[in-house]
Amino acid sequence: QVQLVESGGGLVQPGGSLMLSCGGSDNILTVTGMAWHRQAPGNQRELVAFIPSAGRPTYADSVKGRFTVSRDAVKNTVSLQMNSLQPEDTGVYYCKAEGVFAVVSAMPTWVGDVWGQGTQVTVSS
């Protein structure tokens with residue numbers, strides 16, 4: 001089974017910082033891109049940051065200059081450093097791996113996109 005597991009969410013005051021991390025299961029062979037999405041209550045899930053296997057990361061306008069995404073392509077992990085957090089950053093943050101190739105039932109298998117279970121980030125005083 002191919003899995004992603006996020007960690008690092010929590011409660012932080014406005015202006016504070018958090019770092020989210022996401023790790024893939026050991027059977028993942030390659031990933032073309034990794035991303036962070038978030039979903040606030042009552043809202044649709046939105047892209048926060050995307051980092052490709054090659055090239056520069058991209059960010060939602062609302063987080064540019066405050067969030068930084070980084071990736072370890074060998075370990076298939078991705079992190080999101082979030083600074084100057086505001087209440088509007090509150091939501092469940094999801095890690096996504098795109099274009100996943102993994103060992104499934106002892107065979108290299110095209111899996112496609114894989115989502116993590118999400119981690120709650122709450123920005124409140």
Side-chain angles (χ1 to χ4, degrees):
Q1 191 171 1
V2 181
Q3 292 182 323
L4 296 175
V5 179
E6 300 103 333
S7 61
L11 172 65
V12 64
Q13 292 187 340
S17 298
L18 279 176
M19 173 174 270
L20 305 182
S21 297
C22 172
S25 49
D26 291 342
N27 60 338
I28 292 176
L29 298 173
T30 60
V31 175
T32 58
M34 300 193 80
W36 287 96
H37 293 246
R38 68 185 179 191
Q39 187 167 18
N43 289 358
Q44 290 187 333
R45 194 173 297 188
E46 62 174 353
L47 175 66
V48 174
F50 172 77
I51 184 165
S53 56
R56 292 186 174 186
T58 57
Y59 299 91
D61 288 343
S62 59
V63 307
K64 282 181 182 176
R66 300 188 298 124
F67 290 11
T68 302
V69 64
S70 58
R71 175 182 174 182
D72 185 325
V74 174
K75 297 180 180 178
N76 290 315
T77 60
V78 63
S79 298
L80 185 69
Q81 176 65 46
M82 305 185 293
N83 298 328
S84 302
L85 283 161
Q86 300 301 319
E88 52 266 34
D89 295 315
T90 294
V92 179
Y93 282 69
Y94 297 90
C95 172
K96 180 185 179 185
E98 300 183 356
V100 176
F101 233 100
V103 176
V104 178
S105 300
M107 293 292 293
T109 304
W110 173 256
V111 176
D113 296 346
V114 178
W115 288 89
Q117 83 287 351
T119 185
Q120 177 70 44
V121 172
T122 303
V123 185
S124 175
S125 55

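The two residues Asn83 and Ser17 make their nearest non-hydrogen contact at OD1-OG, 2.9 Å. Of all heavy-atom pairs spanning Arg66 and Leu85, the tightest one is NH1-CA, 3.9 Å. Here the closest non-hydrogen pair linking Pro57 and Val69 is CB-CG1, 3.5 Å. Annotation for Val48 and Val63: closest pair O-CG2, 3.7 Å, computed over non-hydrogen atoms.
The distance from atom OG1 of Thr30 to atom CG of Asn76, rounded to the nearest 0.5 Å, is 8.0 Å. Note that CD of Gln44 and NE2 of His37 are 12.5 Å apart. Values are rounded to the nearest 0.5 Å. Taking OG1 from Thr119 and CG from Leu80, the interatomic distance works out to 11.0 Å, rounded to the nearest 0.5 Å. Rounded to the nearest 0.5 angstrom, Leu47 CG and Arg38 CZ are separated by 10.0 Å. Rounding to the nearest 0.5 angstrom, the gap separating the CD atom in Glu98 from the OG1 atom in Thr32 is 6.0 Å. One finds the CD atom of Gln117 at 8.5 Å from the CG atom of Leu4 (value rounded to the nearest 0.5 Å).
Judged by distance alone, with hydrogens and angles left aside, the side-chain atoms of Tyr93 form no donor-acceptor pair with the main-chain N or O of Gly8 at under 3.5 Å. Between the Gln86 side chain and the Ser84 main chain, a donor and an acceptor come within less than 3.5 Å of each other. Side chain of Glu6 to backbone of Cys95: a donor-acceptor contact under 3.5 angstrom is found. Under a 3.5 Å cut-off, the side chain of Thr109 and the backbone N or O of Met107 do form a donor-acceptor pair. Judged purely by atom type and a 3.5 angstrom limit, Asp72 has no side-chain atom pairing as donor or acceptor with the backbone of Thr77. Formation of a donor-acceptor pair under 3.5 Å by the Asn27 side chain with backbone atoms of Gln1 is found in this model.
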Side chain to side chain contact (heavy atoms under 4.5 Å, CB included) assessment of Val121 paired with Met82: CA-CA 10 Å; Val121 172; Met82 305 185 293; 3.9 Å; yes
One pair to check against side chain to side chain contact (heavy atoms under 4.5 Å, CB included): Gln120 and Thr90. What are the steps and the verdict? CA-CA 8 Å; Gln120 177 70 44; Thr90 294; 4.0 Å; yes
Just do the side chain to side chain contact (heavy atoms under 4.5 Å, CB included) check on Ser124 and Leu11 with the steps written out, would you? CA-CA 7 Å; Ser124 175; Leu11 172 65; 4.2 Å; yes
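The cluster map of Ile, Leu, Val, Met, Phe, Trp and Tyr, joined by side-chain heavy atoms under 4.5 Å apart, puts Phe50 and Met34 in different clusters. Phe67 and Val92 sit in two unconnected hydrophobic clusters of ILVMFWY residues. Membership requires side-chain heavy atoms under 4.5 Å apart, directly or through other members.
Listed by first and then second residue, the salt bridge (Lys or Arg N to Asp or Glu O under 4.0 Å) pairs involving residues 99-115 are Lys96-Asp113 (not counting sequence neighbours).
In summary, the side chains of Ser79 and Gln81 do not present any donor paired with an acceptor at a separation below 3.5 Å, with no hydrogens or angles considered.
Exactly one residue among Ile28, Val2, Val31 makes a side-chain contact (heavy atoms from CB on, under 4.5 Å) with Val111. That residue is Val2.
Using cut-offs of 30° and 60° for the angle between ring planes, the Trp115 and Tyr94 rings count as perpendicular.
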